[in-house]
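For reference, positions follow the sequence shown, starting with 1. Atom set for the values below is all heavy atoms of this structure, side chains included, hydrogens, waters and symmetry mates excluded.
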Amino acid sequence: MNDLSRRRFVLGTGAVAVTGALAGCGGNGNGNGGGNGNGNGNGDGSDGGNGGGSASPEEQATSYLNENEANGFEGDVSDQTGQSEVTVEVGAGPNGFQFAPTAITVDTGTTVTWEWTGEGGQHNVVSNGGDYGDLESERIAEEGHTYTYTFEEAGAALYVCEPHRAQGKYGAVVVQ
């Protein structure tokens, strides 16, 4: 088994295990006692959860990036908290098929600017799940082009470069 296949296998089985474990995280936690993670999910979110047993924004981002084998992601989310403005390079890495940093954590109210390096052809930044569905830049190849977004609420912004999805160009912003 080559390294890529082994990685996909390990990530896939880990995702199944996490999904199974999270399935029992329903709002009131009344599982069937059989250990298979089947909670009844009848929570209303009044206990601080969302009633659906979903993962934290950082867990969502990490899972998303691992499942999609995001270029440049090695399991760490770059802590950019305490900054009012953060820049993410678009077209980073050896072939320009990477966001750098791939994953960041910011405070609410932080403005993130994606700045094109001019490497790797046309790129864009488009929502691909999470709590922010309105990220969408145009496809541009020009060095110095920027796309800016201010994150006003806690959550996870999961995004992709559509032209380079197959090459693993995925990114995430965790907002706390």
Applying side-chain contact (heavy atoms from CB on, under 4.5 Å), run through V86 and T110 and close with a yes or a no. CA-CA 7 Å; V86 176; T110 299; 4.0 Å; yes
List the steps, then state whether side-chain contact (heavy atoms from CB on, under 4.5 Å) holds for F99 with K169. CA-CA 7 Å; F99 293 105; K169 191 167 179 190; 3.5 Å; yes
Please evaluate residues T81 and T105 with respect to the criterion side chain to side chain donor-acceptor pair (under 3.5 Å), reporting the C-alpha separation (whole Å), side-chain torsions for both, the decisive distance (0.1 Å), and the verdict. CA-CA 6 Å; T81 57; T105 299; over 6 Å; no
Trace of the side-chain contact (heavy atoms from CB on, under 4.5 Å) decision for Q167 with Q98: CA-CA 9 Å; Q167 287 82 16; Q98 182 178 326; over 6 Å; no
Candidate pair F97 and E119, rule side-chain contact (heavy atoms from CB on, under 4.5 Å), full reasoning: CA-CA 8 Å; F97 300 149; E119 300 296 322; over 6 Å; no
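Cluster membership for V160 and I140, using ILVMFWY side-chain heavy atoms within less than 4.5 angstrom, is not shared. Linking Ile, Leu, Val, Met, Phe, Trp and Tyr residues whenever their side-chain heavy atoms come within less than 4.5 Å leaves V90 and L65 in two separate clusters.
Minimum heavy-atom separation, T102 to N71: OG1-O, 3.1 Å. The two residues S127 and G133 have their closest heavy-atom pair at OG-C, 3.3 Å. For the pair Y64 and G171, the tightest heavy-atom approach, listed with the atom from each and the gap, is CE2-O, 3.5 Å.
Note: L158 CG to E67 CD = 10.0 Å, rounded to the nearest 0.5 Å. Separation of atoms CD (Q122) and CD (E162) is listed at 11.5 Å; rounding is to 0.5 Å. Here the CG atom belonging to D107 is positioned 8.0 Å from the CG atom belonging to D79, to the nearest 0.5 angstrom.
For the pair Q176 and T108, the minimum side-chain heavy-atom distance is 4.5 Å or more. Residues V174 and I104 are not in side-chain contact: their nearest non-hydrogen atoms beyond the backbone lie 4.5 Å or more apart. When side chains are defined from C-beta on, N128 counts as touching R165, because their heavy atoms get closer than 4.5 Å. With contacts defined as side-chain heavy-atom distances shorter than 4.5 Å, the pair H164/H123 qualifies. Put simply, the side chain of V77 reaches to within 4.5 Å of the side chain of T62, judged on heavy atoms. The side-chain heavy atoms of P163 and R139, taken from C-beta on, include a pair separated by under 4.5 Å. The side-chain heavy atoms of L135 and V126, taken from C-beta on, include no pair separated by under 4.5 Å. Here the side chains of N124 and Y159 are not in contact, with every heavy-atom distance at 4.5 Å or above.
Remark: the E115 side chain and the T113 side chain contain no N/O donor-acceptor pair separated by less than 3.5 Å. Side-chain atoms of E59 and S56 form a donor-acceptor pair, as typed in the model, at a separation below 3.5 Å. Side-chain N/O atoms of T111 and T150 include a donor and acceptor closer than 3.5 Å.
Between W114 and Y149, the distance from one ring center to the other does not fall under 6.0 angstrom. Ring to ring, Y170 and F73 are not that close: their centroids are 6.0 angstrom or more apart.
Under the 3.5 Å distance criterion, the side-chain polar atoms of S137 are left unmatched by any main-chain donor or acceptor of Y147. Of the possible polar contacts, none joining the W116 side chain to the T146 backbone as a donor-acceptor pair under 3.5 Å is found.
The environment of CD in Q83 is crowded: more than 12 heavy-atom neighbours from other residues, nucleotides or ligands sit within 6.0 Å.
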